[in-house]
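Just below is one structure, and these are the notes that go with it.
By convention here, the first residue in the shown sequence is residue 1.
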Amino acid sequence: MAVTLADVAARARVSAATVSRVLSGNYPVAESTRARVLRAVDELEYVVNGPASALAAATSDLVGVLVNDIADPFFGIIAGAVQSEMGAPIGAPGRGGEKLAVICSTGGSPERELRYLTLLQRQRAAAVVLTGSAAEQPDHAAAVATKVSRLAASGTRVVLCGRPPLEDAVTLAFDNRGGARRLTEHLVTLGHRRIGYVAGPAERTTTRHRLEGHRAALAGAGLDGDAERLTVHGLYDRPSGYDATLELLRRDSGLTAIVAANDTIALGVCAALRDRGRRIPEDVSVAGFDDLPFSADAVPSLTTVRLPLHEAGIRAGRLALGREPQPPGGVAMVRGELMARSSTTPPPRG
């Protein structure tokens, strides 16, 4: 049975009129009362009747796109591509009507991610696209799975782009393990034996998958004995790459290559090496991941793994609006391509 306004009022120990005032936001309500009502809404998974135009249909014209940070080119490219599919002219061949894409930047906060999913359910969103890695916290993972199931049950299409699969969602999974393995194998083939790794935050799925691929390549070459010591975690940003490189050089000043978990980190790696008088690639080779727009123009141009982010975003948008069939089993693997450029060469002799 659907949860009603009266149910929320009973849980919060207030009148139905007070619940209505809190949800409309048009009347002053004591902060303690407001907090109690919103807590009851979350606990009961109450779905507010959204805009009047949505009441006559199962969903509205709203599409939510959840990103970690819209200023990060990785997420900006995907979100922009998804949004471009929303603006199709009404009645265009093979397409439905226009939708309004709303970009929700979580800042990497699991709590904010859940909050956005709840808000989108209340607004009867036509679709939700979740991008990037997921937090590896069992309670959070279970909560997200529950939210996704409820969204799907209410008629909202859910697409995961670059995240592990979930039941009730269509998934475009990035082959982070395979790409990372090929990248490190490239360095091993060049002759590198002392390879450092700058990883992303330890609690993210993308971080783990890329690190696993890197270590699989090291293990295949019999070079994994020092892998733990030569791994430093940080954020997916340039300052973390810089600081992590200084730490790696402290642990092993004879490193001949450093692999970064993404291209932005790799920029920090390069800056730290130059500040320490190391030449790239003559002294130390550097590699990244994603092939973001600046990678080919870096000096030297950055060896990386190209993920087709724009193409994946376009496809996620089409899947979100039902404009193309779902992949078999609801999951499609998006594979990366090794882009061997001038930032990686054989190690120095001697």
* **Pair Arg150-Leu117, side-chain contact (heavy atoms from CB on, under 4.5 Å): steps then yes or no** => CA-CA 10 Å; Arg150 286 175 173 156; Leu117 291 175; over 6 Å; no
* Let me see the working for Leu321 and Lys99 under side-chain contact (heavy atoms from CB on, under 4.5 Å), right down to the final yes or no. => CA-CA 9 Å; Leu321 299 185; Lys99 300 294 183 183; 3.7 Å; yes
* **Test log, rule side-chain contact (heavy atoms from CB on, under 4.5 Å), inputs Thr184 and Val259** => CA-CA 8 Å; Thr184 300; Val259 179; 4.2 Å; yes
* **Glu228/Arg251 under salt bridge (charged side-chain N to carboxylate O under 4.0 Å, His left out): CA gap, chis, key distance, verdict** => CA-CA 11 Å; Glu228 186 68 36; Arg251 296 180 186 183; over 6 Å; no
* Asked: After noting the C-alpha distance and the side-chain angles of Leu319 and Val129, does the key distance pass the side-chain contact (heavy atoms from CB on, under 4.5 Å) rule?
  -> CA-CA 9 Å; Leu319 287 165; Val129 180; over 6 Å; no
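For the pair Arg274 and Pro300, the tightest heavy-atom approach, listed with the atom from each and the gap, is NH2-CD, 3.7 Å. Contact record, Leu166 with Ala145: CD2-CB, 4.2 Å, taken as the closest heavy-atom pair.
Residues Val65 and Met86 share a hydrophobic cluster, clusters being chains of Ile/Leu/Val/Met/Phe/Trp/Tyr side chains in contact below 4.5 Å. In this structure, Leu172 is not a member of the same hydrophobic cluster as Val331, with clusters built from ILVMFWY side-chain heavy atoms closer than 4.5 Å. By the criterion of side-chain heavy atoms lying less than 4.5 angstrom apart, applied directly or through intervening Ile, Leu, Val, Met, Phe, Trp or Tyr residues, Val269 is not grouped with Leu190; the two fall into different hydrophobic clusters. Taking hydrophobic clusters as Ile, Leu, Val, Met, Phe, Trp and Tyr residues chained together by side-chain heavy-atom distances below 4.5 Å, Val41 does not share a cluster with Leu119. Tracing side-chain contacts under 4.5 Å through hydrophobic residues (I, L, V, M, F, W, Y), one reaches Leu307 starting from Val159; they form part of the same cluster.
Salt-bridge check for Arg210 with Asp290: passed, with a basic side-chain N closer than 4.0 Å to an acidic carboxylate O. A salt bridge is defined here as a Lys NZ or Arg NE, NH1 or NH2 lying under 4.0 Å from an Asp or Glu carboxylate O, and Arg181 with Glu185 meets this definition. Using a cutoff of 4.0 Å between basic side-chain nitrogens and carboxylate oxygens, Arg215 and Asp224 are not scored as salt-bridged. Between Glu282 and Arg349 no salt bridge is recorded (no basic side-chain N to carboxylate O distance below 4.0 Å). Salt-bridge annotation for Glu85 and Arg318: present, with a side-chain N of the basic residue lying under 4.0 Å from a carboxylate O of the acidic one.
Arg341 and Ser301 are not linked by any side-chain donor-acceptor pair at a separation below 3.5 angstrom, with hydrogens and angles left out of the test. Side-chain atoms of Ser240 and Asp243 include no donor-acceptor pair closer than 3.5 Å. Side chains of Thr304 and Asp291: no donor on one and acceptor on the other come within 3.5 Å. Asp263 and Ser295 share a side-chain donor-acceptor pair at under 3.5 Å. A donor and an acceptor atom, one from each side chain of Glu111 and His140, are nowhere located under 3.5 Å apart. Between the side chains of Thr344 and Thr303, at least one donor N or O sits under 3.5 Å from an acceptor N or O.
Inter-residue side-chain proximity for Ser285 and Thr256 is flagged as unmet; no heavy-atom pair is nearer than 4.5 Å. Residues Val144 and Leu114 have side chains in contact (heavy-atom distance under 4.5 Å, counting atoms from C-beta outward). Looking only at side-chain heavy atoms (C-beta outward), Val284 and Ile258 come within less than 4.5 Å of each other. Residues Leu66 and Leu120 are in side-chain contact: their nearest non-hydrogen atoms beyond the backbone lie under 4.5 Å apart. Side chains of Leu160 and Val170 form no contact here, defined as non-hydrogen atoms less than 4.5 Å apart. With contacts defined as side-chain heavy-atom distances shorter than 4.5 Å, the pair Glu136/Arg204 does not qualify. For the pair Val67 and Leu130, the minimum side-chain heavy-atom distance is 4.5 Å or more. Looking only at side-chain heavy atoms (C-beta outward), Thr206 and Phe174 stay at 4.5 Å or farther from each other.
Classified by interplanar angle (parallel below 30°, tilted 30° to 60°, perpendicular above 60°), the ring pair Tyr197/His214 is parallel.
For the atom pair Ile77 CD1 and Thr131 OG1, the distance stands at 12.0 Å (nearest 0.5 Å). We find the CE-NE2 distance between Met339 and His186 to be 11.5 Å, quoted to the nearest 0.5 Å.
Of the options Asn262, Thr264, Thr207, a side chain to side chain donor-acceptor pair (under 3.5 Å) to Tyr236 is made by Thr207 and by none of the others.
For Asp175 (side chain) and Gly178 (main-chain N/O), a donor-acceptor pair under 3.5 Å exists by modelled atom type. Between the side chain of Ser84 and the backbone N or O of Ala81, at least one donor-acceptor pair lies under 3.5 Å.
Not counting sequence neighbours, the partners of Val102 by the side-chain contact (heavy atoms from CB on, under 4.5 Å) test are Leu62, Leu100, Cys104.
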In residues 8-15, what donor-acceptor pairs under 3.5 Å come from side-chain atoms, sequence neighbours left out?
| residue | atom | partner | partner atom | Å |
| --- | --- | --- | --- | --- |
| Arg11 | NH1 | Glu43 | OE1 | 2.8 |
| Ser15 | OG | Thr18 | N | 3.1 |
| Ser15 | OG | Thr18 | OG1 | 3.0 |

